[in-house]
Every structure is written in structure tokens, then in C-alpha cells.
Amino acid sequence: MPMIQFRSRPGILDLGWGHPRPELLPVEAWAAASAAASREFGWQQLTYGDARGPAPLLDWLTAHLGDSTPEQLFVTGGASHGLALVASLLAGPGDVILVDSPSYHLAFPIFTDTGATVLRAPADADGVDPAALAEMLDGPRVRLLYLVPTFANPTGRSLPPDRRRALVELARRTGLTIVEDDTYRELCYDGQAPPSLWRLSGGEGVVRVGTFAKTVAPGLRLGWINADPALITRLATLGYVHSGGGVNHSVATTMYCFGASGAYQRHLDAVRAEYRRQRDALVSAVREFLPVEAPGGGWFLWAALPPGVSATHLLARAERHGTSFLPGPSFYVDGAGGDDRIRLCFSQLPPADLAEAAARLGTVLVSPR
Ligand SMILES: Cc1ncc(COP(=O)(O)O)c(C=O)c1O
């Protein structure tokens, strides 16, 4: 049986998977934090944890985020878990959950698991269109709007400030809840990330999910939810939390030591520099044959194909030439649209391999077979 989710395919330099580069995972620094947590917390690291997460981590995270109180925090097993929890509390059969298009495709089944209907929110090249969305809210029971507004997966783009403000205002006015997936906020390469919808809203009408999967390691299965204290109380009194205590308590206490010791900031600075180099390597190699925007953060390029080239058809040919990517239609909840786009991920390979992967893709685009 395999041990990990990613399976490398011999001969393929894969730009499809959004996974970290293995050499950038902080194996030794995490081991040191784990030993420090054992020393500092002893048996308390190994018993049931407090429902919302261990107080030291909540306090560190509150100071680190700078835009929420400990009462607005709930520790989760990562962003996916946060999305599943929020969606199952706020939507169900008969409800509608709207998603950006394109958007993070693996969130779609998390939402359909609730029994709700998942539909496209009206969007243009800048992202979800607040005026068109307002009209949709007159119709069926739209409960949630899911967005990755900062360094999005798959586009790498960020929602413009006026749209952020308009969507927050719309949520406040209508009772719609925006679920803001802030997974890539801290992986910014050119200055500051834009203010989150959570921050702009003052906590009203927006629930934010965050994760340490991209900044530290996905295997931690550790993240958080920011929400108003009433929703946090509902999360903290869920049956399985009452029975099993706070989520992933032992890793959460280690994360506290990793953060409070300064190891988190050192690691973040180091991986930011590496991912910036990787972004630059892939952008400049792809620009040899396709125009592509350099994202200010995150892990993805969203490349437009030459007229008449289908992303879906291109994939099989690319794999014959030793590279891979995800075709655009994967990121549309109804599968309609995006066949003129491909998502290229620069997180997993070092710069030289990214350049080689891009060169192989370039060869496919000019070769007739
Ligand atoms: C936008 C987005 N949200 C959530 C996730 C999953 O996060 P986690 O590993 O914390 O569940 C990913 C991972 O690719 C992602 O791109």
C-alpha cells in the first residue's frame, strides 16, 4: 500500500500537482519543535485537547494573524477540514452553495458532500461580479459563496479591492456567508498580500479558513477557522469534538512551539524565497512560447493556450513528451469552460526541472503530433 498521496510517474516532470517541493519541508526544525513541545507540555501534549485548540496556539495565532480574537478561532485538521465543517453547519439539502469560476476544484466535492447544490457564481476576468451575484440571491436558497480571493488556485490572481469591499457589503446586507479560503496568503512574493475579506468585514458575513499545509507541511493536517464567536461555539460543541477533544491536539501544541520559537518565520522567509525563484523560473520559461501573467503569490500559473488548442487534448500529448498539467475545465464546477487554459504548478520542482518541463510543453505546442 502506498504511503503518500503523490505518485511520481517515471519520465514525467509534473506541473499538475499542487504539492510542496519535498526538500523544502522542515524535517529537522519540526523535530526540534516536537521535542520542545514534549519538554514544555509533558503529558498535557498527549491527552485530550481543549475543544477550540490549545490556548498557547490560539494566543500565538491571534498575535500572528493580527485580525481576530481567540474567541474567533477554531483549530482544524487543515483547510479542507475547515471547509467541510463550515459547509456542513451552514448548508444542506435544498440549499445552494456558489463557487467562483474557475476555482479550487477539490473544494467542489467537499460542498456536494453536504447535500447542497453547488453552482457557479457569476464571474468575469476579475472574479465574482457583485452586481450579478446580488441578482442571483433573489432566487434559490443561496447559503454560501466560496472564494479563494488571494493568490487563487488555479489563477494565481487576487480579487480587486473594489470587489472585495462590494462582496463584503453584499454579505452584510443579505445574510449570505462568504467562505474565504485564505490558503495562500502568506506565500506572497512581491510585497504585501491584499487585506482579507475577513479583515474588511470585521468578522460579519465572512468565515475564513486558513492552513499550515502550504507554509509548513500538508502532513501536519493543521489549520484554523476564523468566524464569529457564535459559530465557533457551534464548532466547539459538535459531538465529535465533545467526544474526542480539540482537533489534532499534539500537532497543534508542536505548531505553537514552531511558531513561538521563531522557526515558523525563518521557515516562511526561506520557502518564500525558494518559491519566488521557482515562480520566476517557470514564468520565464513559459513566456518563450505563451504569454503568461506572473502571480504575486501562491503556487500557480494560469496560462492561455493559442487559439484552437484544447487543453484536454493537449494533456495526452504533453504526457507523451514527459510533462503534465491540469486542464482548465477541471476548475469549473459544471465542467463548462476553461478548455483554452491550463494550470501549471511551480511548487513541486526545482528551477531547472521547471524550465525543462516548460521546454517539453513548448515542444508539444509547436509539434503537430
Ligand atoms: C485553495 C486551496 N484550499 C485548500 C487546499 C487544501 O488545504 P489543506 O491541505 O489544508 O486541507 C488547497 C490545496 O491545494 C488549496 O489550493
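As the structure lists them, so they are numbered: ligands from 1, and atoms in each ligand from 1.
Checking only distances, Ala213 never comes within under 3.5 Å of ligand 1, N or O to N or O. The distance criterion of under 3.5 Å between nitrogen or oxygen atoms is not met by His81 with respect to ligand 1.
By the 30° and 60° cut-offs, the orientation of the rings of His64 relative to Trp60 is parallel.
Of all protein heavy atoms, the one lying nearest to atom 10 (O) of ligand 1 is Thr211 OG1, 2.6 Å. Here the protein heavy atom with the shortest distance to atom 11 (O) of ligand 1 is Ser80 OG, 2.5 Å. Nearest protein heavy-atom contact of atom 7 (O) of ligand 1 is Ala79 CB, 3.6 Å. Protein heavy atom closest to atom 9 (O) of ligand 1, with residue, atom name and distance, is Arg221 NH1, 3.1 Å. Here the heavy atom of the protein found nearest to atom 3 (N) of ligand 1 is Asp181 OD2, 2.6 Å.
Glu71 and Arg52 are not joined by a salt bridge, as no carboxylate oxygen comes within less than 4.0 angstrom of a charged side-chain nitrogen. Using a cut-off of 4.0 Å between Lys/Arg side-chain N and Asp/Glu carboxylate O, Asp124 and Arg163 are scored as salt-bridged. The pair Arg279-Asp190 counts as a salt bridge, with a side-chain nitrogen and a carboxylate oxygen less than 4.0 angstrom apart. A salt bridge does not link Arg157 with Asp100: every distance from a Lys NZ or Arg NE/NH1/NH2 to an Asp or Glu carboxylate oxygen is 4.0 Å or more.
Contact atoms of ligand 1 toward Asn153: 15 (C), 16 (O) (distance under 4.0 Å to a heavy atom of the residue). Ligand 1 places these atoms under 4.0 Å from at least one heavy atom of Lys214: 12 (C), 13 (C), 14 (O).
Between the side chains of Asp181 and Tyr104, no donor-acceptor pair is found at a separation under 3.5 Å.
Checked by atom type and distance alone, the side chain of Arg7 pairs as donor or acceptor with a backbone atom of Gln5 at under 3.5 Å.
For atom 16 (O) of ligand 1, the choice among Phe212, Trp17, Tyr184 with the nearest heavy atom turns out to be Tyr184.
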